[in-house]
Asker: 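Mind having a look at this structure? Questions to follow.
Only this structure's heavy atoms are used, side chains among them; waters, hydrogens and symmetry mates stay out. In the text below, chain A, chain B and the rest are named by the order of the sequence lines, each starting its count at 1.
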Protein chains: 2
Amino acid sequence: MAQQDTVEKILHAATLLFSERGFSETSLRTITGMAEVNLAAVNYHFGSKKALIQAVFARFLRPLGEKIDLRLDAASANGPDVSLDTETLLEMLFEEILAVTEELGEDPQRFMRLLGLAYTQTQEHLRHYIVEHFGETYHRFIALLEKSLPQHTPIQFYWRLYFMMGAAVFTLSSFEAIRSILNADYEQDTTMVEAIDMMVPSMVGLLSSPDD
Amino acid sequence: MAQQDTVEKILHAATLLFSERGFSETSLRTITGMAEVNLAAVNYHFGSKKALIQAVFARFLRPLGEKIDLRLDAASANGPDVSLDTETLLEMLFEEILAVTEELGEDPQRFMRLLGLAYTQTQEHLRHYIVEHFGETYHRFIALLEKSLPQHTPIQFYWRLYFMMGAAVFTLSSFEAIRSILNADYEQDTTMVEAIDMMVPSMVGLLSSPDD
DNA sequence: TGTACATCAGTGAACGCGCGTTCACTGATGTAC
DNA sequence: TGTACATCAGTGAACGCGCGTTCACTGATGTAC
């Protein structure tokens, strides 16, 4: 068995289990059991549980950052002061999230749940890791989003950005729960793509409605 | 020492520590250490760690439910088909959350963080407990909120409700982090009440903006 | 071509540690007669 | 009023368990001469 098989099997199982249960609720024994590899293989390949958690995020965030940088580079080819509107920026972000998860063969909902967990669970090392490895693209994207909403003061923009992130992370990471309630109470099925299509206009409304 | 002292000391320390670290990341030894009571006192008074987690929520949710029921009763005294507008309902909810936390001598932010954790951490017993003991008032409130937004289909309303809950829980539970970034980047301090004042109009906008 | 050695993915068993829980016990207070 | 008993909040020490990590080892593959 090639090394990549074991590493990839561990990353896939860890993505699945971490997104379902959280980090400290998931043991290495559960992960290696599901991946059908030896318990010691995690420490052999990654060094520690913390490093495995970071690797799970790097698997998504590295290609996502590259894709977004490419899109922003392409947009700025026309001139140095790019200006994209709010909706275009949000749609671009969701498109690339869906593209990355599809290439990795993972469910996009799992990735959104992981992002939510990175914010809400106590994993200081993880937040540092994400800022260090993904902060540049993040700030580049946020700066363009702010530019697309010139009506706000920086502080108003900042609050609304957080409201939006909360709505997006919470909704997409609880997608399966919301979906099953919709099924039970309204006899209506829904897909992640439909949820995003419903969410983008709401997000734009939330971001662009006038101050006070 | 009267029983209430020990019980209350445990509940206070647990509220503080759970909201900061999460449930499985907080050990009974840490809680009893901070509360300055014996380790075995938790199992003596509450029976188990799970029961302690539920008691921490009951301490907030029981009085909150009672207060909201009273407010809704008072509003419906004028006639059986109450109709309150969206903003009034949201303001009422936040007012009562602030009132309850003040009476308990706890920081409202901790309570919001606990609510967020109840959604995002794996604690099935807790979600069952909350629905069982607080579900009635919750559904009564949501029904009135839906009534205040007649322009939406039930499904549209349902999605927007989730967007709003995500934005509220995420923002208020990350309040301290947001506050310190605002301080550092914009040299501006902010309070929880100001954040809520800024949030309510955004929430109303998010809920009431037209479909598609 | 053959032999000796190095590299490296992977393994099985054990390590110490912190966890939630249990249990026999204490000592103060209240109750019955 | 005095004595025996019951109740109950609280305690100290130990329990077994699952955890992340470590370590000596294996066996296959590649490299040097």
Asker: Which residues pass the side-chain hydrogen bond (donor to acceptor under 3.5 Å, both in side chains) test with A:Lys49, sequence neighbours left out?
Answerer: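 With sequence neighbours excluded, A:Lys49 shows a side-chain hydrogen bond (donor to acceptor under 3.5 Å, both in side chains) to no residue whatsoever.
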
Asker: What are the atom names and distances for every N/O pair under 3.5 Å that joins the protein to nucleotides 19-21 of chain C?
Answerer:
| unit_1 | atom_1 | unit_2 | atom_2 | d |
| --- | --- | --- | --- | --- |
| C:dC19 | OP1 | B:Ser27 | OG | 3.2 |
| C:dG20 | OP1 | B:Leu28 | N | 3.4 |
| C:dG20 | OP1 | B:Lys49 | NZ | 2.9 |
| C:dG20 | OP2 | B:Leu28 | N | 2.9 |
| C:dG20 | N7 | B:Arg29 | NH1 | 2.8 |
| C:dG20 | O6 | B:Arg29 | NH2 | 2.8 |
| C:dT21 | OP2 | B:Lys49 | N | 2.9 |

Asker: Report yes if at least one side-chain N or O of B:Tyr44 is closer than 4.0 Å to OP1 or OP2 of D:dA9; otherwise report no.
Answerer: yes

Asker: B:Phe60: what forms a ring pair (Phe, Tyr, Trp, His ring centres under 6.0 Å) with it, not counting sequence neighbours?
Answerer: B:Phe111

Asker: Please list all pairs meeting salt bridge (Lys or Arg N to Asp or Glu O under 4.0 Å) that have one or both residues in residues 165-179 of chain A, counting only residues at least two apart or in different chains.
Answerer: A:Glu176-A:Arg179, A:Arg179-A:Asp189

Asker: In whole angstroms, how far is the P atom of C:dG18 from the CD atom of B:Glu25?
Answerer: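 Taking atom P of C:dG18 as the reference, CD of B:Glu25 is at 17 Å.
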
Asker: I'd like to check the side-chain hydrogen bond (donor to acceptor under 3.5 Å, both in side chains) partners of B:His139; sequence neighbours left out, ordered by chain and number.
Answerer: none

Asker: So does B:His45 get a side-chain nitrogen or oxygen closer than 4.0 Å to the phosphate oxygens (OP1/OP2) of D:dA9?
Answerer: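 No, outside the criterion.
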
Asker: I need the full list of side chain to side chain donor-acceptor pair (under 3.5 Å) pairs touching residues 106-115 of chain A, with sequence neighbours left out, sorted by first then second residue.
Answerer: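 Sorted result for residues 106-115 of chain A: A:His12-A:Glu106, A:Arg59-A:Glu106.
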
Asker: Measure the distance from CG on B:Asp5 to P on C:dA28 and round it to the nearest whole Å.
Answerer: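 These atoms are roughly 18 Å apart.
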
Asker: For DNA chain D, write out the stems as range with range, using runs of 3 or more consecutive Watson-Crick or G-U pairs with both distances under 3.5 Å.
Answerer: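 DNA chain D stems, ordered by first number: C:2-33 with D:2-33.
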
Asker: Only counting residues at least two apart or in another chain, list the ones meeting side-chain contact (heavy atoms from CB on, under 4.5 Å) with B:Ala99.
Answerer: B:Lys67, B:Glu96

Asker: List the steps and the verdict of side chain to side chain contact (heavy atoms under 4.5 Å, CB included) for B:Tyr129 and B:Ile53.
Answerer: CA-CA 10 Å; B:Tyr129 178 86; B:Ile53 295 174; over 6 Å; no

Asker: Checking B:Thr26 now: which residues fulfil side-chain hydrogen bond (donor to acceptor under 3.5 Å, both in side chains) with it, not counting sequence neighbours?
Answerer: none

